[in-house]
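Throughout, numbering of the chain's residues begins at 1 and tracks the sequence.
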Amino acid sequence: MEKIKMTTPLVEMDGDEMTRILWKWIKEELLLPFIDLKTEYYDLGLEYRNSTDDKVTVDSAEATKKYGVAVKCATITPNAARMTEYNLKEMWKSPNGTIRAILDGTVFRAPIIVKGIEPYIKNWKKPITIARHAYGDVYKASEMKIPAAGKAELVYTAEDGTETRELIHNFDGAGILQGQHNLCGSIESFARSCFNYALDTKQDIWFATKDTISKKYDHTFKDIFQEIYDKEYDERFKKAGIEYFYTLIDDAVARVIRSEGGYIWACKNYDGDVMSDMVATVFGSLSMMTSVLVSPQGYYEYEAAHGTVQRHYYKHLKGEKTSTNPIATIFAWTGALRKRGELDGIGELEKFADKLEKACIQTIEEGKMTNDLAIITTIEHPTILNSEEFIQAIRETLEKML
């Protein structure tokens, strides 16, 4: 068949470790044989981020603003051990955090539902979509080690030079502290993105923080959501037959566990990070989760919601075969290709993305899968494939569909 033509490039953000290997295989087996793939490539592998002083991450986000659609591989956020392993100049911040701050978007994550992979929580019948705020909090925090006794304060200096101070703690010995911030404008964008997504998908939306403890920081989130809802969305939600409500984060967890699913759960940045992994795991696997960053300006960045699979990468370097699940990374590509096709009016590209996703699901439902799914499936006698074999099996299914 003739390859599908693209008119506008995708922004392609390569990544680290085993997911970088999968990235290459997915392109070679599932994309390049069928699409005249156009991308603007950025290497977000840790070595290149280090050599460019992380400028490449900023450049990739700016390119996403230019082209409108990006697809991103999983990347390492370095810790102390990575500093030594990669001989880093400094402990670079999360690339996801940097990109999300520049694009000012909301991350929507939802499980990929497959017959034979049953949720661990038996009453979960419908997908739960996590809407994660994509700016600030711990991902843009400033941190300090306190060496000895002393006083720590929050200090705000206004443009006219006046200061406002708030005591953090009188230390009587060594300790640590962290300063987090957020922007009202970003929280407003988060709220509107969530409400618009709820209207688009006709789903109820829940929002939760801990305003009883955080009476200024978390309470501001609660207040902004409520003000925007009351002024702009109340009547629209009533007409659509959907609901918005706020609850405390601990109450939300209890409600979620007892629910049947089928709604959007909006969370602050860190809460969304944790809860999306919990939801993905309950539905089957961290590798069975879609993730897209949507900005108020209409930029889209699709990614896998999991990490770089370090343990499998070290096995791969030894020449050992690994059964790493590539589904989330494949769905990052299909999401980006579908959106590119939609924006550029290329129906063939949209249909290809749909068929590739169906090929992934059909391959699993036929009993061919990676080990992470084989150990939890209700399908009898599944065939456990390594990563390369699984991608090749998906290609065989896809070719039959095409």
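Residues satisfying the salt bridge (charged side-chain N to carboxylate O under 4.0 Å, His left out) test with K339, not counting sequence neighbours, are E342. Qualifying ring pair (Phe, Tyr, Trp, His ring centres under 6.0 Å) partners for W23, counting only residues two or more places apart in sequence or in other chains: W333. By the salt bridge (charged side-chain N to carboxylate O under 4.0 Å, His left out) test, E365 is found to be paired with no residue, residues two or more places apart in sequence or in another chain being considered. For Y42, there are no ring pair (Phe, Tyr, Trp, His ring centres under 6.0 Å) partners at least two apart in sequence or on another chain. Applying the ring pair (Phe, Tyr, Trp, His ring centres under 6.0 Å) criterion to Y135, with sequence neighbours excluded, gives H181. For the ring pair (Phe, Tyr, Trp, His ring centres under 6.0 Å) test, residues two or more places apart in sequence or in another chain that qualify with Y197 are F108. Partners of D54 according to the salt bridge (charged side-chain N to carboxylate O under 4.0 Å, His left out) rule, which considers only residues two or more places apart in sequence or in another chain, do not exist here.
The pair K72-E301 does not meet the salt-bridge criterion, since no charged nitrogen lies less than 4.0 angstrom from a carboxylate oxygen. Salt-bridge formation is detected for the pair E357/R338: a Lys NZ or Arg NE/NH1/NH2 atom is positioned less than 4.0 Å from an Asp or Glu carboxylate oxygen. With respect to the salt-bridge test (charged N to carboxylate O, under 4.0 angstrom), the residues K5 and E348 do not qualify.
Partner Y229 forms a ring-ring contact (aromatic ring centres under 6.0 Å, His included) with one of Y244, Y246, F207, F245 and no other, that one being Y244.
For I76 against T308, the heavy-atom pair with the smallest separation is N-CG2, 3.8 Å.
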Working for side-chain contact (heavy atoms from CB on, under 4.5 Å), residues I35 and L32: CA-CA 5 Å; I35 304 170; L32 292 174; over 6 Å; no
Assess whether salt bridge (charged side-chain N to carboxylate O under 4.0 Å, His left out) is satisfied between R109 and E303, documenting all intermediate values. CA-CA 10 Å; R109 289 179 173 170; E303 62 178 350; 3.5 Å; yes
Is there a side-chain hydrogen bond (donor to acceptor under 3.5 Å, both in side chains) between T52 and Y48 once you walk through the steps? CA-CA 6 Å; T52 63; Y48 194 65; 5.9 Å; no
Go through R20 and D16 one step at a time and tell me if the salt bridge (charged side-chain N to carboxylate O under 4.0 Å, His left out) criterion holds. CA-CA 5 Å; R20 187 182 181 98; D16 286 300; 5.4 Å; no
Run D354 and K358 through salt bridge (charged side-chain N to carboxylate O under 4.0 Å, His left out) and show every step you take. CA-CA 6 Å; D354 291 342; K358 288 177 183 176; over 6 Å; no
Test side-chain contact (heavy atoms from CB on, under 4.5 Å) on R340 and T8 and set out the steps. CA-CA 8 Å; R340 184 79 277 162; T8 310; 3.7 Å; yes
Are K400 and E396 close enough, and set up right, to give a salt bridge (charged side-chain N to carboxylate O under 4.0 Å, His left out), and what steps lead you there? CA-CA 6 Å; K400 291 174 186 175; E396 289 172 9; 5.8 Å; no
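Rounding to the nearest 0.5 Å gives a distance of 5.0 Å between CE of M289 and OG of S276. Atom CD1 of I26 and atom CG of L356 lie 9.0 Å apart (nearest 0.5 Å).
You'll find the side chain of V69 reaches within 4.5 Å of the side chain of L343, heavy atoms only. With a 4.5 Å cut-off on side-chain heavy atoms, P9 and T39 do not count as touching. Looking at M18 and K315, their side chains never come closer than 4.5 Å, going by heavy atoms from C-beta outward.
Checking S94 against N96 by side-chain atom types alone, no donor-acceptor pair falls below 3.5 Å. In summary, the side chains of E40 and Y67 do present a donor paired with an acceptor at a separation below 3.5 Å, with no hydrogens or angles considered. If you check the side chains of T322 and Y313, you find no donor sitting under 3.5 Å from an acceptor. A side-chain donor-acceptor contact under 3.5 Å links E366 and Q362. Between the side chains of T201 and Q203, at least one donor-acceptor pair of N or O atoms lies under 3.5 Å. Using a 3.5 Å distance cut-off with no hydrogens or angles, the side chains of T98 and T57 do not pair a donor with an acceptor.
Counting non-hydrogen atoms of other residues, nucleotides and ligands closer than 6.0 Å to CG of D172 gives a total of 12 or fewer.
The ring-ring contact (aromatic ring centres under 6.0 Å, His included) pairs that include a residue from residues 352-389 are F34-F352, where partners are two or more places apart or lie in different chains. Within the structure, salt bridge (Lys or Arg N to Asp or Glu O under 4.0 Å) contacts touching residues 198-225 (residues at least two apart or in different chains) are K210-D250, D211-K222, D218-K268. Every pair passing salt bridge (Lys or Arg N to Asp or Glu O under 4.0 Å) that includes a residue from residues 82-94 is listed here, sequence neighbours excluded: E17-R82, D53-K89, R82-E85. Judged as a salt bridge (Lys or Arg N to Asp or Glu O under 4.0 Å), the pairs with a partner in residues 123-142 (not counting sequence neighbours) are, in order, R132-D273.
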Validation: residues 184-195 side-chain donor-acceptor distances under 3.5 Å, sequence neighbours left out:
unit_1 : atom_1 : unit_2 : atom_2 : d
S186   : OG     : D104   : OD1    : 3.1
S186   : OG     : H133   : NE2    : 2.9
S189   : OG     : D104   : OD2    : 3.3
S189   : OG     : G185   : O      : 3.2
R192   : NE     : E232   : OE1    : 3.0
R192   : NE     : E232   : OE2    : 3.4
R192   : NH2    : E232   : OE2    : 2.7
S193   : OG     : S189   : O      : 3.0

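The aromatic rings of F237 and Y233 stand perpendicular to each other, their planes meeting at an angle above 60°, with 30° marking the opposite boundary. Between F171 and H169, the two ring planes are perpendicular [angle over 60°; tilted spans 30° to 60°].
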